[in-house]
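The next block holds one structure in the form of structure tokens; read it before the comments.
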Amino acid sequence: MPPVFRFAPSPNGLLHLGHAYSALLNLDRARETGGRLLLRIEDIDATRCRPEYEAAIDEDLTWLGIAWETPVRRQSEHLSDYRAALEKLSALGLVYPAFESRAGIALLVAAREADGPWPRDPDGAPLYPGDAKWLPLGERDRLIASGAPYALRLDMAAACRRVAGLGWNELGEGPDGQRGAVPARPEAWGDVILARKETPTSYHLSVVVDDALQDVSEVVRGQDLFHATSVHRLLQVLLDLPEPAYRHHRLICDEMGRKLSKSGRSTGLRELRVAGANPAGIRRLVGLG
Ligand code: GLU
């Protein structure tokens, strides 16, 4: 079977040089290995994703000389796949509803920090500080029946008890030079959100379900997702999904050394194109020569 690669942008803004680098690396790997290249549209967040951004992704990638297989998988069209995975995790007793709002969580963290620093995840966000895991079942049912909003969280401690020796094969490089056999540390993320009342999935859940359903064999993506791979490996083992290889790549930064954002003007592919750049020039700009 030929290797399978995917570029998986979220249509919540215009692509910039960082996306171009990631997409071109996927293209080059597919060419080098005689592999297949897929485009996946990660449009779960209905509040931020827009069809016009998806159209812009198609246009910008085509301009760069990138072709992909069709049909394109659009996550919003496959919610039942994610729901099935969530039900499997629930049946293992690893999912619980948590009813705190974002503001409520911030208050809980502030209260815990009165006694010293509260742990943060690898992205710098405080770990879930609440006690929803221990809510009596009757109380859970009562809150759900009352229509209260909730997030479905993974019971990380229980999940980690079910797996041993978790890790992955890093073909690229982590932010601290990690390569080869990397041990996974999903516990560093605490009880991550797997879904919400209105949305039966989260980034972590849909990415592992899709990579498996699409037979992705090598995940080529930015180092900003290196630590999230620990959660992805845990979910793959819990859901009995195959393990891809991972190739995390350096991030393209602005002149201040900051990771590019979708709103950053001067590094947008559109702006560069309008200013006269050509695809070979974009390759050179991202260091692909
Ligand atoms: N959709 C994610 C993003 O745009 C990428 C997901 C992935 O490559 O795993 O950052």
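As a basis for the values below, the full set of heavy atoms in this structure was taken, side chains included, without hydrogen atoms, waters or symmetry mates. We count ligands from 1, going down the list as the structure has it; atoms in each ligand are counted the same way. Here the structure is a predicted model, which is why all the values come from computation and not from measurement.
- Centroid-to-centroid, the aromatic rings of Trp168 and Phe226 come within less than 6.0 Å.
- Sorted by chain then number, the residues whose non-hydrogen atoms approach ligand 1 to under 4.0 Å are Arg6, Ala8, Pro9, Ser10, Glu42, Tyr203, Val207, Arg221, Leu225.
- A pairwise comparison of heavy atoms in Pro200 and Leu79 identifies CG-CB, 3.9 Å as the closest pair.
- Ion pairing of Glu173 with Arg179 is present here, as a side-chain N (NZ or NE/NH1/NH2) and a carboxylate O approach within less than 4.0 Å.
- Screening residues 267-289 for ring-ring contact (aromatic ring centres under 6.0 Å, His included) gives no qualifying pairs among residues at least two apart or on separate chains.
- Ser22 places no side-chain N or O within donor-acceptor distance of the main-chain N or O of Arg221, the cut-off being under 3.5 Å.
- Closest of all the heavy-atom pairs between Tyr82 and Leu205 is O-CD2, 3.7 Å.
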